[in-house]
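Heads up, the thing below is written out as structure tokens.
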Amino acid sequence: MCGITGWVSFHQDARSHAPVIEAMTATLTPRGPDAGGVWLGEHAAIGHRRLAVIDPAGGVQPMTDRPDEPAVVLSYSGEVYNHHELRAELRRLGHDFRTRSDTEVVLRACLQWGEDVAEHLDGMFAFAVWDERARRLLLVRDRLGVKPLYWAAVDGGLAFASEPKALFAHPEIRPRVDADGLREAYSLLFNTGPTVWSGVREVEPGGVLALDRAGIRERRYWQLEARPHGDDRDTTVERVRDLVSTAARSQLEADVPLCSLLSGGIDSTVLTALLAGELRRREGPDARIRSYAVDYSDQAEQFTGDVLRTGHDTPFATEAGAYIGTDHSTVVLDPRSLLDLDHRRAVVAARDSPIGVGDMDTSLYLLFGRIREHSTVALSGEAADEVFGGYPWFHNPKALAASTFPWLLVTGDEAAMPLNPELDLRIAEFRDDTYADALAAVPHADGETATEHRQREMQHLSLTRWLRQLLHRKDRLSMARGLEVRVPYCDHRLVEYAFDTTWALKSFDGREKSLLRASGTGLAPDSVLHRPKNHYPATHHPDYNRGLQDLARDALSDPRVRALADESVIKPSLDTAPDRLQWGHRLRLERVVDLALWLDHHRPELAL
């Protein structure tokens, strides 16, 4: 995993601007702590920071097809899991290889297939390839958008980067926020394309952007389609287990220490069991995979359920680790450490956004830091809820009947920080318009019942929008610690198959994630297989709530924060007794604090 950046301009000679590309590249050092480099040509400047995972000695970047007079230059982030198969195919087509890295496979694949290269790649990736012969830049992003890729216009071309902070090191790109950006940030709709930053856009998941002298062209090489599902229940369960197993097996390769994130839920437990079994098959019966969970001191005594959490994770994670046979560790955090402003500033700096989830972000950042002491790669159960229908809104009649994004009914409007009404952002109108556009993008199969039709909408919204912010969170907070996190449930073949599967099969036992539960039989303890859905843990300690209220009061003393936030709506959360502060209201306070830290760190120009 790495950080990529650079720019192309047909109006200037990039070779005279080495300090600019060096500064842009330096901002991404946490993503690539092992090495860095730049390449300069007449119209292109390419930068790279490397986290060495496969072939540490051979995968140096930016990578060119030949040392002298290169035809193509590649800056690549991610992992391509079918690189062995592609290497064999490309050799048959006449390509020679100098390294064992998947980076060189991507480079040779670009030479072979040009703009169609992405269709040949299985994995998570974001990369830029500059073709010196055609004077053309390609920006390519993986199908689900696991790896981020941003761009912004510059004179005569565009700049690109894994994170917006690298773009802001270019002298022509300013950290500017307008009304559209605030709507994107605080409406909680998770659009793809626009960002909080004016003029900064994302390459679409499953998208390719091409730039040459004729201009910019964008296209999608992959998106979800609705196809008939002909498999019966037993065949579907067997196929799901095979697809999850294949994804897990393909993502186990690394030349550095690797581990699993094991929360004690069905998603991470099934995945960890498959990883552990494959590791024993490869290395012998005594091989054991490391696994990690997170908890808070006094959580067993302080835990209280809320809209997203039904129980304490640690006992289930410990039981799952023993059942599978992992080297399991629980990272226990002091809730008060989550109030540390140095930690919170680091999180806001990593996210480049005022929107986060407060203590859950900070705890994940701290967890990743502890994991990085022993491992460079971690595998996560992220996306199983989107793929298999695990969220409350798939099963809540009110959410199913609502004419808005379903998570807004589960989390409630209090989860979004209320903005100053004087800004007149018309959030409700923006939500309605965006929801209509989102539904129009949902594909449907002929002959769907009303139930199947609605559940397909729910799954499409979850996979293309809700999942987007979860993947951003995991990428930013892991890469800020130099840790690569892989997400096997985002394998596009699994996603496609599950999307085509009927809702009747997805819920055949009357519960969430029926197919994953059935396919995981024997891989996890019954207590885990039949456990209700539980979200990432949050601290429930009153001392944390009290400290958060103090931080929010300090944040509201800043006139810039008061200009953006509606104090009258926030005040009840400040006045509530710490031991009675509900999750949604607490999240509102978290966002006030994050807003103040974001304003301090990024110093955005507010054009409102």
Side-chain angles (χ1 to χ4, degrees), residues 226-248 262-274 277 305 307-311 313 315-317 319-320 323-324 381-401 406-407 410 445 448-463 466-467 488-489 491 493-535:
R227 293 168 293 213
H229 184 80
D231 294 344
D232 61 19
R233 182 194 296 180
D234 289 344
T235 303
T236 301
V237 170
E238 182 179 354
R239 180 63 174 150
V240 165
R241 180 156 175 162
D242 178 64
L243 286 167
V244 176
S245 299
T246 299
L262 179 59
S263 69
I266 182 175
D267 313 340
S268 62
T269 302
V270 168
L271 174 61
T272 301
L274 291 169
V307 68
L308 296 179
R309 296 166 194 87
T310 58
D313 277 340
F316 294 95
E319 181 185 5
Y323 182 93
I324 297 166
E382 201 79 81
D385 287 302
E386 290 80 3
V387 171
F388 295 110
Y391 287 119
W393 52 78
F394 287 99
H395 311 274
N396 183 325
K398 183 179 177 182
L400 289 167
W407 48 87
V410 174
E448 285 181 342
T449 66
T451 297
E452 294 289 348
H453 186 96
R454 182 55 174 158
Q455 289 291 359
R456 193 179 294 277
E457 291 176 340
M458 289 293 200
Q459 189 170 18
H460 195 272
L461 294 172
S462 299
L463 284 166
W466 181 258
L467 180 60
Y489 288 113
D491 183 283
R493 291 154 298 195
L494 172 63
V495 172
E496 289 170 347
Y497 186 79
F499 188 70
D500 293 336
T501 303
T502 64
W503 180 249
L505 282 173
K506 288 191 183 81
S507 58
F508 71 80
D509 63 359
R511 293 193 56 193
E512 76 285 352
K513 293 187 281 197
S514 306
L515 290 173
L516 183 60
R517 183 174 300 103
S519 67
T521 300
L523 295 174
D526 287 344
S527 61
V528 171
L529 282 176
H530 298 286
R531 184 187 178 198
K533 163 68 184 170
N534 211 49
H535 286 256

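Here the structure is a predicted model, which means the values were calculated and not measured. Values reported hereafter were calculated over all heavy atoms of this structure, with side chains retained and with hydrogens, waters and symmetry mates removed.
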Can you tell which of W503, F499, Y497 makes a ring-ring contact (aromatic ring centres under 6.0 Å, His included) with H229?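 Only match with H229 under ring-ring contact (aromatic ring centres under 6.0 Å, His included): Y497.
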Are the side chain of [X] and the backbone of [Y] linked by a donor-acceptor contact shorter than 3.5 Å?
{"X": "E452", "Y": "T449", "result": "no"}
{"X": "T269", "Y": "I266", "result": "no"}
{"X": "E319", "Y": "G264", "result": "no"}

Grab the two heavy atoms, one from [X] and one from [Y], that are nearest each other, plus how far apart they are.
{"X": "D267", "Y": "G381", "value": "CB-O, 3.8 Å"}
{"X": "K533", "Y": "G390", "value": "CG-O, 3.7 Å"}
{"X": "H530", "Y": "R511", "value": "O-NH1, 3.0 Å"}
{"X": "P488", "Y": "L494", "value": "O-CD2, 4.4 Å"}
{"X": "Q459", "Y": "A498", "value": "OE1-O, 3.9 Å"}
{"X": "F508", "Y": "A518", "value": "CZ-CB, 3.8 Å"}

Stepwise, does the side-chain hydrogen bond (donor to acceptor under 3.5 Å, both in side chains) test hold for Q455 with K506? CA-CA 10 Å; Q455 289 291 359; K506 288 191 183 81; over 6 Å; no
Looking at [atom1] of [X] and [atom2] of [Y], how far apart are the two atoms once the value is rounded to the nearest 0.5 Å?
{"X": "R233", "Y": "T502", "atom1": "CZ", "atom2": "OG1", "result": "10.0 Å"}
{"X": "R517", "Y": "D526", "atom1": "CZ", "atom2": "CG", "result": "11.0 Å"}
{"X": "L523", "Y": "S245", "atom1": "CG", "atom2": "OG", "result": "7.0 Å"}
{"X": "E238", "Y": "L243", "atom1": "CD", "atom2": "CG", "result": "10.5 Å"}
{"X": "T501", "Y": "R456", "atom1": "OG1", "atom2": "CZ", "result": "9.0 Å"}

Just so I know, are the side chains of S519 and V244 near enough to count as touching, which here means a heavy-atom distance under 4.5 Å? no
Salt bridge (charged side-chain N to carboxylate O under 4.0 Å, His left out) contacts touching residues 386-397 (sequence neighbours left out): none
Once the angle between the rings of F388 and Y489 is folded into 0 to 90°, is it parallel (under 30°), tilted (30 to 60°) or perpendicular (over 60°)?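 Geometry flag for Y489 against F388: perpendicular rings.
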Is it true that R493 and D491 have a side-chain N and a carboxylate O under 4.0 angstrom from each other? yes
Any salt bridge linking E457 with R454? Criterion: basic side-chain nitrogen under 4.0 Å from a carboxylate oxygen.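 Counted as a salt bridge, because a side-chain N and a carboxylate O are separated by less than 4.0 Å.
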With side-chain contact (heavy atoms from CB on, under 4.5 Å) as the test, would you mind laying out the steps for D313 and R531 before giving the verdict? CA-CA 10 Å; D313 277 340; R531 184 187 178 198; 2.5 Å; yes
Do T236 and D231 pass the side-chain hydrogen bond (donor to acceptor under 3.5 Å, both in side chains) test, and can you show the C-alpha distance, the side-chain angles, and the key distance before you say yes or no? CA-CA 6 Å; T236 301; D231 294 344; 4.7 Å; no
For F394 and S507, what are the C-alpha separation, side-chain angles and deciding distance, and is it a side-chain contact (heavy atoms from CB on, under 4.5 Å)? CA-CA 10 Å; F394 287 99; S507 58; over 6 Å; no
